[in-house]
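Every chain is numbered from 1 and lettered A, B, ... according to where its sequence line falls, protein lines coming before strand lines.
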Number of protein chains: 2
Amino acid sequence: MTAGQDFQPMFENLQRWNFVVKVYCAIVAVARCGGLMGVRLQDVAELAGVSMKTVSNVVRDYEHVSPTTRERVQKAIAELGYRPNMMGRRLATGRTGLLALAFSNVTVPYFAELSRAVSAAAGALGYRVLLEETDGTLAGERAVIASSEAGMVDGILFQPSMMSSVEISRHRGDLPIVILGEGAAPLPVDRVMIDNVLAARAVTEHLLALGRRRIGFAGHEAGQLSATSIQRMMGYQQALEEHGIRPEPRLLFPSAEISPSGAVQGVGAMLDAGVKVDGLVCRDDLAAIGALRALQERGVRVPDDVAVTGWDNIELSRVTFPNLTTIAPDLDGLARRAVEMLVERIGGYTGDGRHELVDYELLVRESAPSAAN
Amino acid sequence: MTAGQDFQPMFENLQRWNFVVKVYCAIVAVARCGGLMGVRLQDVAELAGVSMKTVSNVVRDYEHVSPTTRERVQKAIAELGYRPNMMGRRLATGRTGLLALAFSNVTVPYFAELSRAVSAAAGALGYRVLLEETDGTLAGERAVIASSEAGMVDGILFQPSMMSSVEISRHRGDLPIVILGEGAAPLPVDRVMIDNVLAARAVTEHLLALGRRRIGFAGHEAGQLSATSIQRMMGYQQALEEHGIRPEPRLLFPSAEISPSGAVQGVGAMLDAGVKVDGLVCRDDLAAIGALRALQERGVRVPDDVAVTGWDNIELSRVTFPNLTTIAPDLDGLARRAVEMLVERIGGYTGDGRHELVDYELLVRESAPSAAN
DNA sequence: GTGAAAGCGCTAACAA
DNA sequence: TTGTTAGCGCTTTCAC
């Protein structure tokens, strides 16, 4: 008997012993909690008496596996309670099946609703979504980009608020990225948004059609304006000018902080300062909700005295009293298109940056009813 | 010259060539976008002229590396723009650094705020959070548990709404889990919540102290009650009974759908049916916001005619008009404790299930002001 | 203090 | 149709 012949059986025994232990553990585990720890592809292969490749084929629903083999493997899988380990799979394939969705803060209802739309769209294409909050800070945005580059995700949907397009374009070349919204976006990078200028014009024109002439704009940043605020204010201004009304700086109601409370204070302060308006275009629904409170606290009636509009069509905009006339972006369309483009990039598409617009709708509700009312 | 001697230089040349290509790519990449594709530990090791082990030590801040070596390695890392690949690391260590946070729906403000608190608490312990939405369905909850078991996360924070505690306890034994909230929780599993019965009593007693006697409960499920609704209704009932008031089934205002609009309809329908109340304990802030609208639509004044209370202290509860008296759970404390316990479990702790309570506070605001007002 | 090599669990050429 | 084997990028004994 040579050393080789001696070693082989010993090795087999080792394997078998390992297997026996695993099965024992399985029984204990099943008895304990119905599951099983650390079952590997190999364990299944051994129990089924086939190779790992075959098990892998069965697991991934590869076609060319004989029915009998497949059945045997599936029996082994069930018996052992095997579940594929994503980490191993991802390391081998280089894909994680995860998309990062980065924006400032999930507690902003628009982003929460966006994330649902994105999750749904991603799910339809076999991806899951890792939410990343940037807190709207440059540091936060850099951290998110950096960590996304660590291979945990296959691509990133990014709604920037601080980062410049130059810096965005400096990201690592192998991380596919799609920009959401009207923030900075380098030309070579894909982006999806709605036409903010046009929508802001539409909403302002709606107030003009109601006969309002002293129309304010509320809820934008008190300091450096965001791209979002700029575009919406541009549309507001255009609509006024087209109707021969000169935009007045006094009719701008900035918020010290972009939040509903910020709008309560910002709008409140201007009203207390004696500024008179009969219409208010708010930067977003949250600002509009704050404006509603600021007006109502002071006994101003909405829409009779002041008609108010929001933006985003968040769920609560239907429930305020009065509920909000608002711009309703096609969130599902936006999410679907963004995910599609990202998945194309992940798939290797290297064409030029595509900058696409999606639809929106002006939803007329109580806070600024239609002229017919 | 032997074959061996011949092969060695060739191999070295191959390595060097590979290296030259990488550096070239690096230059191109840096020129193009400041980053670099696919730099591996090995590439850094080669450039620095050390072994992978040493680079790994430097990357992970291992102490025992000589300063000169460390510096050389760091230079190579910077030069190549190396970033460790999480997948590889995780496969090797068996840890992903990811915690799943599973609940029905991020668009529910309470959950959005919870997720921020959890992200913060997890970040402090070196973990990141993967948000998982179950849509409040049994199928959704099962899918989340199943996918969490696929090795993508190290543990899961789960706020169940449908799954029974028996089924929860059947999950795979190697997936640490902590239950959030008052839903089903098997005894052996850790859980963190606030005392819903006590808090509901506190909020009801607040209304009683205001002299309200016809106090309703609003916003619970029209059909099968959730654990949350049950506990809050129990506290409501206890407070009434302690004050010698018999709870009246007519004063229950269920919602066909747990949403603000659902509450608008539910409360509205009861009011239209002629039910009279002077106080309304709402299951949550969203229901309270809906109730507010239902009341205001009908000209009922809040709090003068009907005092209203919410639950959760969501951001918008400060901005409604009137703003909401509400139960403010210590979200940060809850998140911190839940993450701590989960991380302990991940670390191998196997003690009995711990069921812990965290603080809450009754926030008195306009919708049900203090008696002194 | 540093290096060599054996995995982690899976996939995918290439063989058979 | 199925098996063999060489990685994926990293960590980690165990030597040196």
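At whole-Å resolution of the value, CE in B:Met152 and P in C:dC10 are 13 Å apart. Rounding to whole angstrom units, CD of residue A:Glu71 and P of D:dT1 are separated by 17 Å. Distance CG (B:Leu41) to P (C:dC8): 19 Å, rounded to an integer number of Å. Going from atom CE of B:Met52 over to atom P of D:dA15 covers 20 Å, rounded to whole Å.
Among the atoms of the strands shown, none is found under 4.0 Å from any heavy atom of A:Arg90. Within the 4.0 angstrom heavy-atom criterion, no nucleotide atom of any strand lies near B:Val59.
Of the candidates C:dC10, D:dT11, C:dA12, the closest approach to any side-chain atom of A:Arg40 belongs to C:dC10. Distance from the side chain of B:Val65 is smallest to C:dT2 among D:dT12, C:dT2, D:dC10. In the set C:dG9, D:dT11, D:dT12, the nucleotide with an atom closest to the side chain of A:Asn85 is C:dG9. Nearest nucleotide to the side chain of A:Ser51, out of C:dG7, D:dT4, C:dG9: D:dT4.
Note on A:Ser56: a side-chain N or O is less than 4.0 Å away from OP1 or OP2 of C:dT11. For D:dT12, one of the phosphate oxygens OP1 or OP2 lies less than 4.0 angstrom from a side-chain nitrogen or oxygen of B:Arg60. At least one side-chain nitrogen or oxygen of B:Arg89 sits closer than 4.0 Å to the OP1 or OP2 atom of D:dT11. For B:Thr69 and C:dT2, the shortest distance from a side-chain N or O to OP1 or OP2 is below 4.0 Å. Distances shorter than 4.0 Å separate some side-chain N or O of B:Thr54 from OP1 or OP2 on C:dG3. Residue A:Ser66 places at least one side-chain N or O under 4.0 Å from the OP1 or OP2 atom of D:dT2.
Two residues, A:Lys53 and A:Met87, neighbour DNA chain C, and the one matched to the more 5' nucleotide by heavy-atom proximity is A:Met87. Residues B:His64 and B:Thr93 both approach DNA chain C. Their nearest nucleotides, taken by heavy-atom distance, put B:His64 toward the 5′ side.
A salt bridge links A:Glu340 to A:Arg337: at least one charged side-chain nitrogen sits closer than 4.0 Å to a carboxylate oxygen. A salt bridge links B:Asp135 to A:Arg116: at least one charged side-chain nitrogen sits closer than 4.0 Å to a carboxylate oxygen. The pair B:Arg95-B:Asp154 fails the salt-bridge criterion, with no side-chain N (NZ, NE, NH1 or NH2) lying under 4.0 Å from an Asp/Glu carboxylate O.
A donor-acceptor pair is defined here as one N or O able to donate and one able to accept, closer than 3.5 Å; no such pair exists between the side chain of A:Thr54 and the backbone of A:Val50.
With B:Leu99 as the fixed residue, the side-chain contact (heavy atoms from CB on, under 4.5 Å) test singles out one of B:Val118, B:Leu125, B:Ile156, B:Ile346: B:Ile346.
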